[in-house]
Peer 1: 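Mind looking over this structure? Questions follow.
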Number of protein chains: 2
Amino acid sequence: MEHGADEAASLELENFLPYRLNRLAEAVSRDFQTIYRTRHGLTRPEWRLLASLGQHGTMTATEVGRDSAMHKTKVSRAVSALEERRWLKRETDPEDRRVERLALTPVGAKAYAELVPLARRFEADLLRTLAPAERKALSVGLAAIERRFVGG
Amino acid sequence: MEHGADEAASLELENFLPYRLNRLAEAVSRDFQTIYRTRHGLTRPEWRLLASLGQHGTMTATEVGRDSAMHKTKVSRAVSALEERRWLKRETDPEDRRVERLALTPVGAKAYAELVPLARRFEADLLRTLAPAERKALSVGLAAIERRFVGG
DNA sequence: AGTCGACGGTTACGGATGCAACGAAATCGG
DNA sequence: CCGATTTCGTTGCATCCGTAACCGTCGACT
């Protein structure tokens, strides 16, 4: 057995689930990135923060982290960045002065409103290239591992 | 409409495909990481390089990059790291002296052979928690977007 | 009230990452 | 056969990231 192509002892990377998920996520994100990066110079954490606040209204940093699956340091830095842009304002919660209540400013909300249709179109364009049965399969399959890994 | 929960104007992040893929890929990878990180202190690029060479035998850095979806600087640094460990050796191709032919040493091959069953078991354990129909759906769904994004 | 542990959020720091620029070698074009 | 262009791989640099340590605040328990 000269090289590693031995069936039993080798692993087919291209069929290995962690690898497939990563490669796919990276490819899709890299593509989607152009929407929020070229238009506004947003980073991914900043986009996610914007998306969280746009969707849910006022939130705390911890809530944003849970909602958008980001480490608290990422959230913290994204908050500083969007605050710098005047896209969001923070207010210390008078009930609990450890907490900050985060909300988009009108300018931030405007940017969000501008990005949402582009995001929707991106996803729609992507899904349109799949057959209906494939879309369904994707939805079912992703939901299944999400139950195992993300949700509960 | 006070906050962003407005159906038409907001985006449900948790159902947004790029977000779902990223969150899932990160969660799965974070879990899988422990296998190659705690046992050998490998980074992800190093693991991928090992996996590529273990599967295909001798390759060039460019081929590894294509096979494992890594930027050439990642490959370059991973090669240096595994060479440092004596897990791989490089040889300048005499036919084209720009190219290096990379191959695992016996020590590297041994580490690979040791990791493969663990990787297989990880994937099997993950898939075992899914119903057969869900596994099928996942396979079909991922393959479908891969065709659009990764492959052709 | 005073102490202690838990919690929200920030920051210093070491390490990883991608871009761009680079050197060396091959290939192409005249 | 020589200069221009392309390719392989490396490296400098600026940025991003997570870990751990930290500060201020809250709540519980004494």
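Owing to the predicted nature of the structure, the values given are computational and were not obtained by experimental measurement. Lettering follows sequence order; numbering is per chain, from 1.
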Peer 1: Could you check whether Arg23(B) pairs with Glu146(A) (Lys NZ or Arg NE/NH1/NH2 to Asp/Glu carboxylate O, under 4.0 Å)?
Peer 2: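 Glu146(A) and Arg23(B): salt-bridged.
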
Peer 1: Can you tell me how far C1' of dA25(C) sits from CD of Glu100(B), to the nearest Å?
Peer 2: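 Atom-to-atom, Glu100(B) to dA25(C), this comes out as 12 Å.
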
Peer 1: Does Met59(A) share a hydrophobic cluster with Leu115(A), counting links as ILVMFWY side-chain heavy atoms below 4.5 Å and allowing steps through other members?
Peer 2: yes

Peer 1: Round to a whole Å and report the spacing from CD of Glu95(A) to P of dG8(C).
Peer 2: 16 Å

Peer 1: Side-chain donor-acceptor contacts of residues 62-70 of chain B below 3.5 Å, not counting sequence neighbours, with atom names and distances?
Peer 2:
residue: Glu63(B); atom: OE1; partner: Thr60(B); partner atom: N; Å: 2.9
residue: Asp67(B); atom: OD2; partner: Ser52(B); partner atom: OG; Å: 2.5
residue: Ser68(B); atom: OG; partner: Val64(B); partner atom: O; Å: 2.7

Peer 1: Taking atom P of dG9(D) as reference, at what distance in whole Å does atom CD of Glu83(B) sit?
Peer 2: 13 Å

Peer 1: Looking across every strand, which nucleic acid part, if any, lies under 4.0 Å from Arg90(B) by heavy atom: base, sugar-phosphate, or nothing?
Peer 2: sugar-phosphate

Peer 1: Could you go through the side chain to side chain contact (heavy atoms under 4.5 Å, CB included) check for His56(B) and Leu13(A) one step at a time?
Peer 2: CA-CA 10 Å; His56(B) 295 115; Leu13(A) 193 58; over 6 Å; no

Peer 1: So does Ser80(A) get a side-chain nitrogen or oxygen closer than 4.0 Å to the phosphate oxygens (OP1/OP2) of dT10(C)?
Peer 2: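 No, outside the criterion.
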
Peer 1: Using distance only, find each side-chain donor-acceptor pair of residues 127-134 of chain B under 3.5 Å and give its atom names and separation, not counting sequence neighbours.
Peer 2:
residue: Arg128(B); atom: NH1; partner: Asp125(B); partner atom: OD1; Å: 2.9
residue: Arg128(B); atom: NH2; partner: Asp125(B); partner atom: OD1; Å: 3.4
residue: Thr129(B); atom: OG1; partner: Leu126(B); partner atom: O; Å: 2.7
residue: Glu134(B); atom: OE1; partner: Ala131(B); partner atom: N; Å: 2.8
residue: Glu134(B); atom: OE2; partner: Arg147(A); partner atom: NH2; Å: 2.5

Peer 1: Write down the atom of Arg101(A), the atom of Thr58(A), and the distance for their closest heavy-atom approach.
Peer 2: CB-CG2, 3.7 Å

Peer 1: Strictly under 4.0 angstrom, non-hydrogen atoms only: write out the protein contact profile of nucleotides 15-24 of chain C, one letter per nucleotide from the 5' end, B, S or -.
Peer 2: -SBBBB----

Peer 1: Let me know the distance between CE of Met70(A) and P of dG8(C), rounded to the nearest Å.
Peer 2: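 About 16 Å, once rounded to whole Å.
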
